[in-house]
Amino acid sequence: MKQCWSEAPERRPTFEEVFHKFKTINKEKKTNIIDSMLRMLEQYSSNLEDLIRERTEELEIEKQKTEKLLSQMLPPSVAEALKTGGTVEPEYFDQVTIYFSDIVGFTTISALSEPIEVVDLLNDLYTLFDAVLGNHDVYKVRSTWA
């Protein structure tokens, strides 16, 4: 088909060559060119619909990841306002506490442990920390400093 679009006339196939190609595609069955073209267009359309469905699913997965990340980084009311395109008014608090933590000897612990042991230690530590915070009306901002 692409050859039919060639700007150089000598590179374009003749009608006889096109007809022969269609016969080859249809495996020598007796069909007309229009039916063959319609069948090919239907197949192309079906493939395109499958591709669109697949890309839509991928997009939905990425959207869920983005929303999860947003909800982890911001308070729920702020995340929801941003998702809906709203504005976020600044809030005033009478009291706030900022807590910075450091694991003393972490470099040594890491050097003497397997990677999975370090991951398990951090997971257990921060899971306990999150459980304590869950009992209070607090908002936690995670930040990693080197």
Side-chain angles (χ1 to χ4, degrees), residues 1-13 17-18 20-29 31 33-146:
M1 284 299 174
K2 287 183 182 179
Q3 290 175 334
C4 294
W5 302 336
S6 177
E7 290 186 26
E10 65 275 2
R11 297 180 82 192
R12 295 182 206 145
E17 291 169 328
V18 170
H20 178 70
K21 278 281 190 200
F22 274 113
K23 281 178 69 176
T24 305
I25 290 170
N26 290 317
K27 297 172 181 58
E28 302 296 327
K29 295 177 189 168
T31 59
I33 292 175
I34 300 299
D35 288 340
S36 296
M37 289 178 68
L38 286 174
R39 195 169 27 261
M40 290 169 72
L41 285 172
E42 286 172 358
Q43 184 178 9
Y44 176 76
S45 174
S46 176
N47 291 344
L48 191 57
E49 287 172 0
D50 291 343
L51 181 62
I52 289 171
R53 190 176 309 108
E54 181 182 314
R55 295 291 162 85
T56 302
E57 289 171 4
E58 290 172 2
L59 179 62
E60 185 60 34
I61 290 168
E62 291 303 316
K63 182 180 173 189
Q64 289 172 358
K65 287 179 185 177
T66 302
E67 288 181 3
K68 182 179 178 185
L69 180 62
L70 192 62
S71 69
Q72 289 175 344
M73 293 175 52
L74 300 170
S77 60
V78 173
E80 194 58 40
L82 291 175
K83 282 193 285 186
T84 59
T87 58
V88 179
E89 295 296 323
E91 293 183 51
Y92 174 81
F93 297 95
D94 290 329
Q95 295 181 13
V96 297
T97 301
I98 299 176
Y99 174 78
F100 294 94
S101 67
D102 182 29
I103 301 171
V104 177
F106 183 74
T107 304
T108 304
I109 293 169
S110 297
L112 299 174
S113 303
E114 293 293 319
I116 192 66
E117 293 174 317
V118 175
V119 170
D120 287 342
L121 169 71
L122 292 173
N123 189 42
D124 291 344
L125 179 65
Y126 287 106
T127 299
L128 287 170
F129 192 68
D130 288 347
V132 171
L133 292 178
N135 295 327
H136 304 281
D137 183 24
V138 297
Y139 171 68
K140 177 180 69 174
V141 176
R142 288 187 209 169
S143 183
T144 305
W145 299 92

Quiz prompt | Atom pair CG (Leu122) and CZ (Phe106), whose distance is rounded to the nearest 0.5 Å | solution = 4.5 Å
Self-check item: Pairwise distance CG(Leu59) to CD(Gln64) - rounded to 0.5 angstrom
Solution: 10.0 Å
Self-check item: CG on Leu121 to CD1 on Ile116, rounded to 0.5 Å
Solution: 11.5 Å
Quiz item: Taking all atoms of both residues into account, what is the closest heavy-atom pair of Val104 and Ile109, and its distance?
Solution: O-CD1, 4.3 Å
Self-check item: Greater than 12 external heavy atoms within 6.0 Å of Glu10's CD
Solution: yes
Quiz item: Taking the side chain from Thr84 and the backbone from Ala81, do they hold a donor-acceptor pair closer than 3.5 Å?
Solution: yes
Practice problem: Taking Ser45 for its side chain and Leu41 for its backbone only, find out whether a donor-acceptor pair lies under 3.5 Å. | Solution: no
Self-check item: Point-to-point distance, once rounded to the nearest 0.5 Å, from NZ of Lys63 to CD of Glu58
Solution: 16.0 Å
Self-check item: More than 12 heavy atoms of other groups within 6.0 Å of Glu60 CD
Solution: yes
Quiz item: Out of Val118, Val119, Asp120, which one pairs with Ser113 under the side chain to side chain contact (heavy atoms under 4.5 Å, CB included) rule?
Solution: Val118
Quiz item: Rounded to the nearest 0.5 Å, how far apart are OH of Tyr126 and CG of Leu133?
Solution: 11.5 Å
Quiz item: Taking all atoms of both residues into account, what is the closest heavy-atom pair of Arg12 and Glu7, and its distance?
Solution: NH2-O, 3.4 Å
Quiz item: Going from CG on Asn123 to CG on Leu128, what distance comes out if it is rounded to the nearest 0.5 angstrom?
Solution: 9.5 Å
